[in-house]
Amino acid sequence: MIFYALPLSSYSAKVRIVLLSKNVSFHEIEPPEGYRSEAYRAIVPTGTMPAINDEGYILAESEAINEYLEECYPAPRMLPTPPRDRATSRFLSRFHDLHLDPSVRALFPLIAPSKRDPALLEARTADVRRRIDQLAKLSLLRPFLAGDFLGLADCGPAVTVPLAQLLLDAIGQPLELPPELVDWQIAVNADPAVVAALEPWRTATASWIAAQLAS
Ligand SMILES: N[C@@H](CCC(=O)N[C@@H](CS)C(=O)NCC(=O)O)C(=O)O
């Protein structure tokens with residue numbers, strides 16, 4: 001399986017967690033000539049990353065990829081069995097992709113000190129804190145977001161919550177996680193697949209933030 005990804009991409013890290021958890025044999029490469037390029041669109045029509053090529057089967061969108069991996073590689077399972085917990089897991093994944101991650105991503109243009117608009121910064125940091133509080137309220141936290149094992153619902157927030165922490169640290173407004181999420185983060189960070197999947201992302205993100213702060 002070919003995995004199109006970049007170290008700096010948080011959605012790539014979200015899928016990498018599942019690939020490593022399930023011990024899938026894969027070859028990670030950067031999109032040829034970059035995502036959105038003609039060359040990459042010839043393979044992945046949306047031009048978006050991450051994507052996989054599984055023996056000629058092309059699939060983009062992190063959550064679709066993770067669900068496909070869950071079906072092709074059922075062990076260890078990453079979706080709960082009871083229908084309501086399963087639905088909650090899927091709800092949390094959508095909450096992450098549609099609300100939490102876009103809120104955190106909206107801080108990117110404001111990290112460089114020269115580009116900080118105080119009013120915008122205040123509004124966007126407040127929005128991130130609101131979304132993090134919502135994540136704590138909406139999750140099952142047993143101690144993972146949708147149950148008692150690392151599941152698909154954890155994979156996005158496993159990257160986006162530390163991203164929010166790093167970005168808010170960079171602007172001097174550290175994020176205090178709700179206590180339930182502190183326990184969740186300890187459990188997630190104890191998982192070897194999460195540690196390995198996030199390692200390239202942590203290095204690339206630290207460099208990007210340092211470059212922004214110096215600009
Ligand atoms: N909804 C997508 C989001 C992934 C995403 O935002 N990827 C960025 C790179 S990190 C991208 O491909 N951007 C190109 C575009 O949107 O045209 C997913 O879950 O895979």
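Every heavy atom of this structure was used, including side-chain atoms; hydrogens, water molecules and symmetry mates were not. For ligands, and for the atoms within them, numbers begin at 1 and follow the listed sequence.
D127 meets the salt bridge (Lys or Arg N to Asp or Glu O under 4.0 Å) test with R130; sequence neighbours excluded. For R105, the salt bridge (Lys or Arg N to Asp or Glu O under 4.0 Å) criterion is met by D101, not counting sequence neighbours.
Listed by number with element, the atoms of ligand 1 under 4.0 Å from a non-hydrogen atom of P50 are 20 (O). Applying the 4.0 Å criterion to heavy atoms of R36 picks out, from ligand 1, the atoms 14 (C), 15 (C), 16 (O), 17 (O). In summary, the atoms of ligand 1 found under 4.0 Å from a heavy atom of S9, numbered by their order in the structure, are 10 (S).
Here the CZ-CD distance, from R129 to Q173, works out to 6.0 Å after rounding to the nearest 0.5 Å. Remark: H96 NE2 to S103 OG distance equals 10.5 Å, nearest 0.5 Å.
The nearest protein atom to atom 1 (N) of ligand 1, hydrogens excluded, is given as E61 OE1, 2.8 Å; this is a heavy-atom distance. The protein non-hydrogen atom at the shortest distance from atom 13 (N) of ligand 1 is Y35 CE1, 3.5 Å. Of the protein's non-hydrogen atoms, S62 N, 2.9 Å is the one closest to atom 20 (O) of ligand 1. If you check which protein heavy atom lies closest to atom 7 (N) of ligand 1, you get M49 O, 2.7 Å.
The shortest N or O to N or O distance between T48 and ligand 1 is not below 3.5 Å. In terms of N/O distances under 3.5 Å, ligand 1 is not approached by K14.
Ion pairing between a basic and an acidic side chain is recognised when a charged N comes within 4.0 Å of a carboxylate O; K22 and E70 show such pairing. Under the 4.0 Å criterion applied to side-chain N and carboxylate O atoms, R90 and E67 are assigned as salt-bridge partners. Here E63 pairs with K14 in a salt bridge; the nearest charged N to carboxylate O distance falls below 4.0 Å.
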